[in-house]
Amino acid sequence: MKEIQHFINGRFTSSSSGLTFHKRSPLDNRVLATVHEGGQAEVDAAVMAARGALRGEWGRMPVEKRLSMLHAVADEITRRFDDFVAAEEADTGQPHHVIAHAFVPRGAANFKIFADVVKNVPTEAFQMETPDGCGAINYSIRKPKGVIGVISPWNAPFLLMTWKVGPALACGNTVVVKPSEETPMTATLLGEVMNAVGIPPGVYNVVHGFGPDSAGEFITRHDSIDAITFTGETRTGTAIMKAAAEGIRDVSFELGGKNAGIVFADCKLDDAIEGIFRSAFMNTGQVCLGTERVYVERPVFERFVATLKARCEGVKYGRPTDPGVNFGPLISHEHRRKVLSYYDSAVKEGATVVTGGGVPDMLGELAQGAWVQPTIWTGLPETAVVVREEIFGPCCHIRPFDTEEEVLDLANANRYGLSTTIWTQNLSRAHRIGSSIEAGIIWVNSWFLRDLRTPFGGSKQSGIGREGGVHSLEFYTELRNICIKI
Ligand code: NAD
């Protein structure tokens, strides 16, 4: 069993309170690590270190050198690829191919891509006339915002944490990170990488702990934190926004989703079924961009439901590296209780359970894990709890529709607006619906496909702000205008 400490000012440190908590494996509930629980003292120390680094070597470092160090971070993650994959597999229990082909490589890429964005970002300048005829020139420069509080979730821990740390550091900020209590490992490993490549102490700090009345809340309330970037539940975002209001601190929020998938009869049906299967069930449905509401045009409804059911019934449960495994457990028993309560609620509200709805039979040690079956419902009204609320599990409700207008209203009738997938061969329709859907990200005939330079974020209660490419600079830098009279 491991011991996981905080990473503050370039050093691994224990909690002064002596408090710790256990990180358990989602696969079999075994205790994997004892994690130090940070309190106000650790958050104070991390924030002080981060502020010191801004005034010190990091703050004075030429931009070129800073950016080349971030390339070195990415290279070192790649060199230690197996360690990161093993840590992420232990934390999440998800299949090896998802972690090794998507989550860890994206984590490394997050350092390179933002270093390159910052290197190439243009500035603006305006010439103006003055009453004396001499004129003046205005130009803008971007300065780091300062110390950024990074609060991240457990569902793709390394990818989502580095999606914030990468741009924050590329822009010259320093960070205090609070990874999810469910997934403390990769953030800690990243501390070793930072030291290995010579990132100055205090630039990257990690304090472990929980949310309310713990490290998370202490970071968001800290008066020396300049801005807070958060990915997690909308309800948590509300609490963080209240904390950030003290001191008028900026926030960037990537929040929940209840995303629609719209399948028209003119689509390539096999592609649509495969796309919806991935978007509803990848990572055991624990993806903010996942599809939990599926609308299928009536002529292909029956075939769609039957084929998706067969795909679900063919998943292979097991440990991340067991041959053929493509379906992992939920992150914890606590989360499983929540997901299973939604499974019960669907039945109480009159759903037809097409497949799943319970817990699979697992053998040996795996019987202690947080497993659930992929689940499909039909026959519920849009007012049903499982059709309205984000479940964050491997499940979806499928409903037939008849017209484009009808499905647009159905897709938009939700408080969230993160993403939507549209499956059609009709290009005009794709453009028409794409611009009328109230969501930040629209995929046509694809899912989870994105150039990292594009804006990412949600509408309505799915978030505030956009991250990705130059859009991240809006949050991680402060624009300063300099006006020079000629
Ligand atoms: P969560 O909100 O429970 O926790 C996220 C983080 O916030 C954790 O580190 C937690 O400890 C911390 N936290 C909790 N309460 C806090 C408080 N009061 N103050 C400060 N920090 C606090 O979310 P989760 O369960 O870890 O993640 C799942 C949620 O994240 C889902 O709703 C999902 O849709 C969302 N998500 C969104 C995106 C996106 O890009 N929009 C991406 C991934 C996940």
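First listed ligand is number 1; within each ligand, the first listed atom is number 1. Just so it is clear, the structure is predicted and the values come from calculations on it, not from any experiment.
- On a distance-only criterion, I240 and ligand 1 share no N/O pair closer than 3.5 Å.
- Here atom 6 (C) of ligand 1 lies nearest to S152 when heavy atoms of G149, S152, G237, A215 are compared.
- Checked by atom type and distance alone, the side chain of E382 never pairs as donor or acceptor with a backbone atom of V387 at under 3.5 Å.
- Taking a cut-off of under 4.0 Å to the non-hydrogen atoms of I151, the atoms of ligand 1 that pass are 6 (C), 7 (O), 9 (O), 12 (C), 21 (N).
- A heavy-atom separation below 4.0 Å is found between P212 and ligand 1.
- Atoms of ligand 1 found under 4.0 Å from any heavy atom of F456 (numbered from 1 in listed order, with element): 40 (O).
- Residue S462 places no N or O, backbone or side chain, under 3.5 Å from any N or O of ligand 1.
- A salt bridge links E474 and R142; the closest N-O separation between the charged side-chain nitrogens and carboxylate oxygens is under 4.0 Å.
- Atom numbering of ligand 1 starts at 1 in the shown order; those under 4.0 Å from a heavy atom of G216 are 19 (N), 20 (C), 21 (N).
- Using 4.0 Å as the threshold, G458 has no heavy atom nearer than that to any atom of ligand 1.
- Which parts of ligand 1 touch E390 is read off a 4.0 Å heavy-atom cut-off, strictly below it: atoms 31 (C), 32 (O), 33 (C), 34 (O).
- The K178 neighbourhood of ligand 1 comprises atoms 8 (C), 9 (O), 10 (C), 11 (O), with distances under 4.0 Å to a heavy atom of that residue.
- Atoms of ligand 1 found under 4.0 Å from any heavy atom of T231, numbered from 1 in the order shown, are 5 (C), 36 (N), 37 (C), 38 (C), 39 (C), 42 (C), 43 (C), 44 (C).
- Close approach to L418 involves these atoms of ligand 1, each under 4.0 Å from a residue heavy atom: 41 (N).
- Atoms of ligand 1 lying under 4.0 Å from any heavy atom of N155, numbered from 1 in the order shown and given with element: 43 (C), 44 (C).
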Open item on the list: The test is side chain to side chain contact (heavy atoms under 4.5 Å, CB included); show your working for T220 and I225 and say whether it passes.
Closed with: CA-CA 7 Å; T220 60; I225 291 271; over 6 Å; no

